[in-house]
Peer 1: 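Mind having a look at this structure? Questions to follow.
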Amino acid sequence: MERALITGITGQDGSYLAELLIDKGYEVHGLVRRTSSLARDRIDHLWGATLGDHPRLFLHYGDLTDTGSLVRLLGEVAPREVYNLAAQSHVGISFAMPDSTIDINGGGTARVLEAIRLAGRAKRTRFFQASSSEMYGNAREAPQSERTPFAPRSPYACSKLLAHWLVVNYREAYGLHASNGILFNHESPRRGENFVTRKITQGAARIKHGLQTAVHLGNIGVRRDWGYAPEYVEAMWRILQQEQPDDYVIATGESHTVRSFAELAFEYVGLDWREHVVQDHQYDRPSEVDLLVGDSSKAKRLLAWEPKTRMADLVRLMMDSDLRAVEALPRRQ
């Protein structure tokens, strides 16, 4: 039985990856911070009737700030695959918390890589790092590929770039099977409520049912490449099945504005987005990335991976989920 360790298992990507690996027959171990116990709702459905019911899913309390506990965990679990998905993943928050963002995303990745080496598993463990399209910043070219120079424009992007190059370094210095997936934006009904796509779909659902009147957004003119998270975790798994480690862009190749996303969401519930979306400058960032769109032709060629869900379908998936959630809320008599 293959064994995998997922950091950030309670996040959007971690929960979908856990499902995928369990379906493939893996024994799955997840690293969670003690404070993550309240955010376990994304994986609770995997347990069965009671917590701990699943024979191939195990959670371990730990933290990316503690190398010693990581070394012990890697020695005990002895995973063939490690997926590092834990991160402070909100770009806007990174401007308010640069030190913490860099320590968690950059330093945390360094600690996991070093723990793999210190546990004596450099030749036996395959490592996946969730890199980010934000590393491209205001790129010199579009679409962005594995050959596009990086130009980060936020503490988050800088932290992810540090992690990205650490993976390359450990691959070259220690022969670790370590790969980066340069993931462009990917969403789902499990997306956190403070991310713009979920903020839009949840807001539209609540406005439709009279629970709020407006959604406050920042720059709605920026363009992003949005895919569907379950398809992106499939790409993660395929990357670690390759004989040689490498870096891959994972993207749809289509770019849309935040305005377009909002328009589709409100149109789905029969509302005019212009009557409910408020541009609020408190959400503006000190430096912004105007356009991100990925070229995933390498992933298509070498991984046989390509996206299936386009933005309009993604909006419908998220809207249906948020509408169901709002409709299930208790109503005042």
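Counting from 1, the numbers follow the sequence of the chain as shown. Predicted model only: the values in this text are computed from it and were never measured.
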Peer 1: Could you report the tightest heavy-atom contact between Ala262 and Ile200, atom names first, then the distance?
Peer 2: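 Heavy atoms of Ala262 and Ile200 come nearest at CA-CG2, 3.7 Å.
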Peer 1: Going by atom types only, do Asn180 and Gln129 share a side-chain donor-acceptor pair under 3.5 Å?
Peer 2: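 Their side chains do not contain a donor-acceptor pair, so the 3.5 Å distance test is not met.
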Peer 1: Cation over ring, Arg190 on Tyr16, under 6.0 Å and within 45°?
Peer 2: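 Yes; both conditions hold, so Arg190 lies above the ring face of Tyr16.
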Peer 1: If you draw a 6.0 Å radius around CD in Gln282, do more than 12 non-hydrogen atoms from other residues or ligands fall strictly inside?
Peer 2: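 Yes, CD of Gln282 has more than 12 neighbouring heavy atoms, counting only those of other groups under 6.0 Å.
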Peer 1: Of the non-hydrogen atoms in Leu314 and Gly227, which two are nearest, and what is the gap between them?
Peer 2: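 Heavy atoms of Leu314 and Gly227 come nearest at CD2-O, 3.4 Å.
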Peer 1: With a distance cut-off below 6.0 Å to the six-membered ring centre and an angular limit of 45° from the axis, does Arg191 pair with Phe195 as a cation-pi contact?
Peer 2: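 Yes; both conditions hold, so Arg191 lies above the ring face of Phe195.
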Peer 1: Check whether NZ of the Lys or CZ of the Arg Lys199 lies under 6.0 Å from the centre of the six-membered ring of Tyr283 and within 45 degrees of that ring's axis.
Peer 2: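 Cation-pi check for Lys199 and Tyr283: passes.
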Peer 1: Within the 4.5 Å heavy-atom criterion, are Glu267 and Trp273 side-chain neighbours or not?
Peer 2: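 No. Closest side-chain heavy atoms not under 4.5 Å.
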Peer 1: Check Leu5 against Pro79 and note the closest heavy-atom contact, atom names and distance.
Peer 2: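 Residues Leu5 and Pro79, closest heavy atoms: N-CB, 3.9 Å.
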Peer 1: Do Asp63 and Leu31 have side chains that approach each other closer than 4.5 Å (heavy atoms only, starting at C-beta)?
Peer 2: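 SC-SC contact between Asp63 and Leu31 ruled out.
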Peer 1: Check this for me, if you would: do Glu263 and Arg259 make a salt bridge, where the nitrogen-to-carboxylate-oxygen distance has to be below 4.0 angstrom?
Peer 2: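 So Glu263 does not pair with Arg259 through a salt bridge.
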Peer 1: Check for me whether Lys300 meets the cation-pi criterion with Trp305, that is, NZ or CZ under 6.0 Å from the six-membered ring centre and within 45 degrees of the ring axis.
Peer 2: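 No, a cation-pi geometry is absent between Lys300 and Trp305.
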Peer 1: Hydrogens and angles aside, do Asp225 and His256 bring a side-chain donor and acceptor to less than 3.5 Å of each other?
Peer 2: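 Their side chains do not contain a donor-acceptor pair, so the 3.5 Å distance test is not met.
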Peer 1: Is it the case that Tyr83 and Asp13 place a side-chain donor and acceptor less than 3.5 Å from each other?
Peer 2: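 The criterion, which ignores hydrogens and geometry beyond distance, is not satisfied for Asp13 and Tyr83.
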Peer 1: Do the side chains of Arg3 and Glu27 get close enough for a salt bridge, i.e. N-O under 4.0 angstrom?
Peer 2: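 Counted as a salt bridge, because a side-chain N and a carboxylate O are separated by less than 4.0 Å.
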Peer 1: Where do Thr109 and Ala163 come nearest, in terms of heavy atoms and distance?
Peer 2: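 Closest approach of Thr109 to Ala163, heavy atoms only: OG1-CB, 3.4 Å.
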Peer 1: To check you understand the geometry: which heavy-atom pair defines the closest contact between Val293 and Phe184, and what is its length?
Peer 2: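 For Val293 versus Phe184, the nearest heavy atoms are C-CE2, 3.5 Å.
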Peer 1: Restricting to non-hydrogen atoms, name the atom on Gln244 and the atom on His177 that form the minimum distance, rounded to 0.1 Å.
Peer 2: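 Nearest heavy atoms, Gln244 then His177: C-NE2, 3.9 Å.
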Peer 1: Just so I know, are the side chains of Gln88 and Ser94 near enough to count as touching, which here means a heavy-atom distance under 4.5 Å?
Peer 2: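 Counting from C-beta outward, Gln88 and Ser94 do come under 4.5 Å.
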